[in-house]
Amino acid sequence: QVQLVESGGGLVQAGGSLRLSCAASGRTFSSYAMGWFRQAPGKEREFVTAISWSGGSTYYADSVKGRFTISRDNAKNTLYLQMNSLKPEDTAVYYCAADEPERVVAGTARYWGQGTQVTVSS
């Protein structure tokens, strides 16, 4: 079992930045790929970005490429999402997920956090 807790969400103006964190506990954090997903009101949950267990490989949705950066610190059991140049359309609840790489990218990961709200005002 892996327990995930997100933090760092909030209200920010368009063009601003936020840094999300996802603290993991339970089974060995470094053995899992990790990812960030988001769900806006009335929309389906969508993939944002993912990172391999080592941090050596990263993947981004086209909508966030060049603006968001995923990283992880296995010594601290923490996943990060640096979000720059935020847009109103980035407004959503952001979730972190952990599992085998294929399951994370597919959105079928077994382990999910409770989510943190990000609101970008225009």
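Everything numeric here is computed off the predicted structure, so don't read it as measured data.
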[X]: which of [options] passes side chain to side chain contact (heavy atoms under 4.5 Å, CB included):
{"X": "Tyr95", "options": "Gln39, Gln114, Arg38", "answer": "Gln39"}
{"X": "Met34", "options": "Asp99, Val104, Leu4", "answer": "Leu4"}
{"X": "Leu18", "options": "Leu11, Asn84, Leu86, Leu81", "answer": "Leu86"}

Identify, with sequence neighbours excluded, every residue that meets side-chain contact (heavy atoms from CB on, under 4.5 Å) alongside [X].
{"X": "Ser7", "value": "Ser21"}
{"X": "Ala23", "value": "none"}
{"X": "Ser52", "value": "Ser54, Ser57"}

Suppose we screen for salt bridge (Lys or Arg N to Asp or Glu O under 4.0 Å). Which residues come up paired with [X], at least two apart in sequence or across chains?
{"X": "Lys65", "answer": "Asp62"}
{"X": "Arg45", "answer": "none"}
{"X": "Glu100", "answer": "none"}

Can you pull out every disulfide (SG to SG under 2.5 Å) where at least one residue sits in [range]? Sequence neighbours excluded, please.
{"range": "residues 47-104", "answer": "Cys22-Cys96"}
{"range": "residues 28-60", "answer": "none"}
{"range": "residues 33-79", "answer": "none"}
{"range": "residues 42-82", "answer": "none"}

Nearest atoms (heavy-atom pairs only) where Ala98 meets Ala109: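 So the two residues come closest at O-CB, 3.6 Å.
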
Testing the basics here: between Ala50 and Val105, what is the closest heavy-atom pair and its distance to 0.1 Å?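 Closest approach of Ala50 to Val105, heavy atoms only: CB-CG2, 4.3 Å.
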
What distance do Trp53 atom CH2 and Ser31 atom OG have between them, rounded to the nearest 0.5 Å?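 Result: 9.5 Å between the selected atoms.
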
For the atom pair CG (Leu79) and OH (Tyr32), what is the distance rounded to the nearest 0.5 Å?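 So the gap between those two atoms works out to 15.0 Å.
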
Pairs meeting criterion ring pair (Phe, Tyr, Trp, His ring centres under 6.0 Å) with involvement of residues 54-76, two or more places apart: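 Non-adjacent pairs meeting ring pair (Phe, Tyr, Trp, His ring centres under 6.0 Å): zero.
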
I'd like to know if the side chain of [X] and the backbone of [Y] have a donor-acceptor N/O pair within less than 3.5 Å.
{"X": "Asp90", "Y": "Ala14", "value": "no"}
{"X": "Arg67", "Y": "Ser85", "value": "yes"}
{"X": "Glu6", "Y": "Gly115", "value": "yes"}
{"X": "Thr108", "Y": "Ala106", "value": "no"}
{"X": "Arg19", "Y": "Gln82", "value": "no"}

Honestly curious: do [X] and [Y] fall in one hydrophobic cluster under the side-chain, below-4.5 Å linking rule?
{"X": "Ile51", "Y": "Val2", "result": "yes"}
{"X": "Val118", "Y": "Val48", "result": "yes"}
{"X": "Tyr80", "Y": "Tyr94", "result": "no"}

Under the side-chain contact (heavy atoms from CB on, under 4.5 Å) criterion, do Gln1 and Tyr111 qualify, and how do the steps go? CA-CA 8 Å; Gln1 286 286 345; Tyr111 308 112; 3.6 Å; yes

Go through the structure and list residues passing ring-ring contact (aromatic ring centres under 6.0 Å, His included) with Trp112, not counting sequence neighbours.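 Only Phe37 meet the ring-ring contact (aromatic ring centres under 6.0 Å, His included) criterion with Trp112.
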
If we only count heavy atoms from C-beta on, is the Gln117 to Thr91 side-chain gap below 4.5 Å?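 Yes; the side chains approach each other to less than 4.5 Å.
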
